[in-house]
Number of protein chains: 2
Amino acid sequence: MIESASSESVEMYLKTVAELGGEHGPVPIGRVAERMGVSPVSANEMMKRLGEQRLIQHQMYKGVSLTGDGRRLANSVIRRQRLWECFLVDHLKLDWARVHDLACDLEHATATEVTEALAQYLGNPSRCPHGNPIPDRDGEVGQENDLTLSRLKVGQSGRIRAIVPESSDLLAYLAERGLIPGQSLTVLEAAPLKGPLTLRVGDSQEEPQVALGLALAELVQIDRVEGKSD
Amino acid sequence: MIESASSESVEMYLKTVAELGGEHGPVPIGRVAERMGVSPVSANEMMKRLGEQRLIQHQMYKGVSLTGDGRRLANSVIRRQRLWECFLVDHLKLDWARVHDLACDLEHATATEVTEALAQYLGNPSRCPHGNPIPDRDGEVGQENDLTLSRLKVGQSGRIRAIVPESSDLLAYLAERGLIPGQSLTVLEAAPLKGPLTLRVGDSQEEPQVALGLALAELVQIDRVEGKSD
DNA sequence: ACGAGTTATAAGGTTTGCCTTATAATAGAC
DNA sequence: GTCTATTATAAGGCAAACCTTATAACTCGT
């Protein structure tokens, strides 16, 4: 467990880099700036500081990736956030689509002591309400398969595992259509020219059909389930 | 319910002024600076800003008192903190003497939405684990009687209502001696020249006696209970 | 009524995290 | 290979909260 005094800002940058895949390959700093609503110059400045602290590694003109320390710190932030999300949804009954943002405020104000007591209180959940994995207390997360709804073929079925990223607009939109983790679905039709998918949501034939743009379908992670036509 | 964007720093200043009695009379800015571990000059600067925002009123060379808005904002901060204290103690089983500080971090990161859901989850408690009242959602708190342990006469009995201020060293010291809210006690002896009190803690004659300096006894608020010798 | 201690203000400095504008360096597409 | 879009760096600024040092104004106890 890495415990260094890090500002809220540093935590947000590291979390963002992690969410953009900084554990694996280099993430362009421009992406980070964009996601954080900050100018590229500002992001660059911060990356220099994070590099000096050995939290990231900067490959010129390529992007940044997390070091071991950076990854552990980022995952500890993500752990805190996702645990709070569980609490806010399961216990406080707050809106599934909004708890991500509410938890984001809490995550920076949460001591390890509180985090671990909360984890125990919640029964050490392994996923947040949006299906994303909760890193363990050492800042490690298991790998997931990377199938998304957009890659499902017509006739194939799957179960929603997670939504990424957890943007409240996106989540609200999906929730309205019943597209939440655990839900099973089948692709009935895929319009040509990267057109929308038509889905059967749920197992029964009676369920309403849902149309979903391919761009959104890319954000829905899927566990494969054998469909009837397989 | 007052909802203005206020920085963590502003919230801490207002909370401090409230705790120092700024609802009633003017509080010297020096006291505030001292309590917050900040230079008097810094506190003065901030008070000027708070005055411009009509959160406090500054009587030159006297001190500051809270305006209506300031009082409501301060009490909303205190409400958040004390609700979190309840949660941390009752549900997460964290250390009674330490939750004050842990909750102080959380209080600034807690949206109204979360505060109110938390209050409901906890059953709308009226007091924090240290006995202090939780303001209602409109930022109002009832008045309390102001009897302290230091003013109890020999032979008199009382029940601990609250500890003020909630400093973790103080709380840990008192908890070690069984001096927690709800505990009843009797003053057996008061040493002369502002010397320490000797207390019987608990109702039974078998309970160990406790010696307590008068300075500390001033920080223990008491509800009067009829003693045997009354 | 004075002097000690508190309180107020002025002036100048630091850090953090952001900004804009401008220029230089590079990568990747054609 | 050149050109465009991205990326990096330099330079200068801003706001929030702090700081120190110095001076001025006031209160209150004796």
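Chain letters run A, B, ... following the sequence lines, proteins first and then strands; every chain starts at 1.
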*asked:* Please enumerate all residues that pass side chain to side chain contact (heavy atoms under 4.5 Å, CB included) together with A:Asp146, with sequence neighbours excluded.
replied: A:Arg151

*Would you mind reading off the distance between B:Ile29 atom CD1 and D:dT27 atom C1', rounded to a whole angstrom?*
15 Å

*Before accepting this row, confirm whether a basic side-chain N of the pair B:Glu116/B:Arg80 lies closer than 4.0 Å to the acidic partner's carboxylate O.*
no

What's touching nucleotides 15-17 of chain D from the protein side, N or O pairs under 3.5 Å?
unit_1 : atom_1 : unit_2  : atom_2 : d
D:dA17 : OP1    : B:Ser7  : OG     : 2.5
D:dA17 : OP2    : B:Arg49 : NH1    : 3.0

_Expressed as a whole number of angstroms, how long is the span from B:Met47:CE to D:dC18:P?_
10 Å

*Can B:Lys15 and B:Glu107 be counted as an ion pair, charged N to O under 4.0 angstrom?*
yes

*Regarding B:Asn145 and B:Arg161, is there a side-chain donor-to-acceptor distance under 3.5 Å anywhere?*
yes

_OP1 or OP2 of C:dC19 versus the side-chain N and O atoms of A:Ser39: is any pair under 4.0 Å?_
yes

Listing time: all N or O pairs from protein to nucleotides 22-30 of chain C that are below 3.5 Å?
none

*State which residues pass side chain to side chain contact (heavy atoms under 4.5 Å, CB included) with A:Ala175; sequence neighbours excluded, sorted by chain then number.*
A:Trp96, A:Ile180

*For B:Gly30 and for A:Met36, locate the closest nucleotide of DNA chain C by heavy-atom distance; then report the residue assigned to the nucleotide nearer the 5' terminus.*
B:Gly30

*Roughly how many Å is it from NZ in A:Lys48 to P in D:dA8, rounded to a whole number?*
12 Å

*For atom CG of B:Asn44 and atom P of D:dT21, their distance in whole Å*: 18 Å

*For A:Tyr13, check ring pair (Phe, Tyr, Trp, His ring centres under 6.0 Å) against everything at least two apart and list the hits.*
none

*Classify the side-chain pair B:Ser150/B:Thr148 by whether it contains a donor and acceptor separated by less than 3.5 Å.*
yes

*asked:* Checking side-chain polar atoms at under 3.5 Å, does A:Asn132 have a donor or acceptor matched by the opposite partner on A:Glu166?
replied: yes

_Under-4.0 Å side-chain N/O to phosphate OP1/OP2 contact, A:His58 with D:dA8_ = yes

Review item, side-chain donor-acceptor pairs of residues 26-39 of chain A, under 3.5 Å, at least two apart:
unit_1  : atom_1 : unit_2  : atom_2 : d
A:Arg31 : NE     : A:Glu34 : OE1    : 3.4
A:Arg35 : NH1    : A:Glu19 : OE1    : 2.9
A:Ser39 : OG     : A:Ser42 : N      : 3.1
A:Ser39 : OG     : A:Ser42 : OG     : 3.0

*Sugar-phosphate only, base, or nothing, as touched by B:Pro40 at under 4.0 Å among non-hydrogen atoms*: nothing

*Atom CD of B:Glu34 and atom P of C:dT6: how far apart are they, to the nearest Å?*
10 Å

